[in-house]
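The next block holds one structure in the form of structure tokens; read it before the comments.
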2 protein chains.
Amino acid sequence: MTRPPPVSALSDHLGFWLRFVSNHVSHAFAAKVEERGVTVAEWVMLRALYGQEPMAPSRLADAMGMTRGAITKLANRLVAKSLVVRAASPDDGRAQTLALTEAGARLVPVLATLADENDTAFFDPLPPADRAHLERILSDLVARHGMRNVPVE
Amino acid sequence: MTRPPPVSALSDHLGFWLRFVSNHVSHAFAAKVEERGVTVAEWVMLRALYGQEPMAPSRLADAMGMTRGAITKLANRLVAKSLVVRAASPDDGRAQTLALTEAGARLVPVLATLADENDTAFFDPLPPADRAHLERILSDLVARHGMRNVPVE
DNA sequence: TATTGTTATACTCTATAACTATA
DNA sequence: TATAGTTATAGAGTATAACAATA
């Protein structure tokens, strides 16, 4: 019987550790916002609409890096929860707009506070120099690789 | 009309940047392994089985941080692709084992090379000191928060 | 009774493609 | 004919709970 050739382990990759930590932070945040009845993707859409004029779904699709079909589905859920309203565009019969309801606008600061708290709980134990360094390295990577899509997963 | 109170932006959180970068790396890797006909979760299971004795699904569930139901589904797909085989355990009539087929064992080094290349392409542009620092900070966070589950998303 | 594993169900997120209505 | 948006379908991932077989 032949021995299996040695191959790299999952943990040999920086990408692995990045995903490990990122998933942990995201899952903790997801659990918090779900107590408020929304998912992370829904939070991202609510935040994108907050303080803005009614917005075309296609603009949201660009901003969130999702297809228009995905935006429709997400918006449907938020409309069903009475956090978002759809309206026909006055100038273009094809166009729709999405905007927060009053309840949606009230919810965003609550969710933003949860996001603040989640981040604080997770990263505050780090020495301040490490936090700053992490932030700089990550934004460096974003710039180097020209990343654009806002993550919602 | 009342102005909306100012709230933190998505990008004010380190968790946001972490997810941003992590998703980018993971999606690039997912695209690569999918050319070989497997998903990232399937790769994680294949790697876990590589070079090991036939393994109980429940052990894989622990190792991968998934439920037994999820493991069954994942294993079903890999069995259908002839990369994994199921067998009854000799000593316990309830128990099953999962193991790589020859094709599965041949595929793992190929996928491991893709993982190496993906990581290199993404992180090599960083100054070596930054890479080392990033690695240290991430493993520090893993330790501080007692994270255990291997990420497969 | 407890445990192993499978199956069923359901929900989120994703993408592609067909379709409707309007420009 | 192009564009805006919706709808339909499908697949991957997640989880819970019911179930069968065995211990």
Side-chain angles (χ1 to χ4, degrees), chain A residues 19 22-24 26-31 33-34 37-46 54-81 84-98 149-153, chain B residues 19 22-24 26-31 33-34 37-46 54-62 64-81 84-99 149-153:
Chain A
R19 200 169 68 216
S22 170
N23 281 1
H24 197 270
S26 293
H27 286 167
F29 180 57
V33 295
E34 272 157 30
V38 299
T39 67
V40 175
E42 288 166 5
W43 148 246
V44 172
M45 181 177 278
L46 293 173
M55 196 178 295
S58 49
R59 265 195 62 199
L60 274 172
D62 286 345
M64 297 177 63
M66 295 169 71
T67 62
R68 286 169 300 160
I71 292 292
T72 296
K73 215 163 116 176
L74 200 50
N76 284 346
R77 284 213 308 275
L78 290 170
V79 168
K81 291 175 187 175
V84 162
V85 282
R86 262 201 190 81
S89 166
D91 15 289
D92 187 331
R94 296 169 301 184
Q96 299 282 316
T97 64
L98 296 170
N149 290 350
V150 170
V152 294
E153 297 153 48
Chain B
R19 199 171 68 216
S22 170
N23 281 1
H24 197 270
S26 293
H27 285 168
F29 180 57
V33 295
E34 273 158 29
V38 299
T39 68
V40 175
E42 288 166 7
W43 148 246
V44 172
M45 181 178 278
L46 292 173
M55 195 178 295
S58 50
R59 264 196 63 200
L60 273 172
D62 286 344
M64 297 177 64
M66 296 168 71
T67 61
R68 285 170 300 159
I71 292 292
T72 297
K73 214 164 112 174
L74 201 49
N76 284 346
R77 284 215 308 276
L78 289 169
V79 168
K81 292 175 187 174
V84 162
V85 281
R86 262 202 191 79
S89 165
D91 15 289
D92 187 331
R94 297 169 301 183
Q96 299 283 315
T97 64
L98 296 169
N149 289 352
V150 170
V152 294
E153 297 152 47

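Here is the naming used below: chain letters follow the sequence lines, and residue numbers restart at 1 for every chain. Since the structure is predicted, the reported quantities are computational estimates derived from the model, not experimental observations.
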Inset, instruction - Could you tell me whether the side chain of A:Glu34 reaches within less than 4.5 Å of the side chain of A:Val40, counting heavy atoms only? - result: no
Inset, instruction - Can you sort out the partners of B:Arg94 under side chain to side chain donor-acceptor pair (under 3.5 Å), two or more places apart, ordered by chain and number? - result: B:Asp92
Inset, instruction - Nearest 0.5 Å please: distance from the CZ atom of A:Arg19 over to the OG atom of B:Ser22. - result: 7.0 Å
Legend entry - Side chain proximity check, B:Val85 to B:Val79, heavy atoms < 4.5 angstrom: no
Legend entry - B:His24 NE2 - C:dT14 P separation (whole Å): 15 Å
Legend entry - Sugar-phosphate, base or nothing in reach of B:Thr67, heavy atoms under 4.0 Å: base
Legend entry - Nucleotide C:dA15, atom P - distance to CG of A:Leu74 in whole Å: 12 Å
Legend entry - Side-chain heavy atoms of A:Ile71 within contact of A:Met45, under 4.5 Å: yes
Legend entry - Gap between atoms CG and C1', on B:Asn23 and C:dC13 respectively (whole Å): 12 Å
Legend entry - Single hit among A:Pro54, A:Pro57, A:Pro90 for side-chain contact (heavy atoms from CB on, under 4.5 Å) with A:Thr97: A:Pro54
Inset, instruction - Calculate, to the nearest 0.5 Å, the distance between atoms CZ and OG belonging to B:Arg86 and B:Ser89 respectively. - result: 14.0 Å
Inset, instruction - To the nearest Å, give me how far apart NE2 (A:His27) and C1' (C:dT12) are. - result: 11 Å
Legend entry - Terminal axis angle for the helix from C:dT1-D:dA23 to C:dA23-D:dT1, five pairs an end, nearest 10 degrees: 30°
Which atoms of nucleotides 5-9 of chain C (N or O only) lie under 3.5 Å from a protein N or O atom, and what are those distances?
unit_1 : atom_1 : unit_2  : atom_2 : d
C:dG5  : OP1    : B:Gln96 : N      : 3.4
C:dG5  : OP1    : B:Gln96 : O      : 3.3
C:dG5  : OP2    : B:Ser58 : N      : 3.2
C:dG5  : OP2    : B:Ser58 : OG     : 2.6
C:dG5  : N7     : B:Arg68 : NH1    : 2.8
C:dT6  : OP1    : B:Arg86 : NE     : 2.5
C:dT6  : OP1    : B:Arg86 : NH2    : 3.3
C:dT6  : OP2    : B:Thr72 : OG1    : 2.6

Legend entry - Between P of D:dG5 and CG of A:Asp91, the distance in whole Å: 12 Å
Inset, instruction - Round to the nearest Å and state the distance from B:Met55 atom CE to C:dT4 atom C1'. - result: 16 Å
Inset, instruction - Send over the distance from A:Leu60 CG to D:dT6 C1', rounded to a whole Å. - result: 15 Å
Inset, instruction - To the nearest 0.5 Å, tell me how far A:Leu98 CG sits from A:Arg59 CZ. - result: 11.5 Å
Inset, instruction - Could you grab the distance from atom CG of A:Leu74 to atom OG1 of A:Thr39, nearest 0.5 Å is fine? - result: 6.0 Å
Legend entry - Separation of D:dA20 P from B:Asp92 CG (nearest whole Å): 19 Å
Legend entry - Position toward the 5' end of DNA chain C (nearest nucleotide), A:Thr39 or A:Gly93: A:Thr39
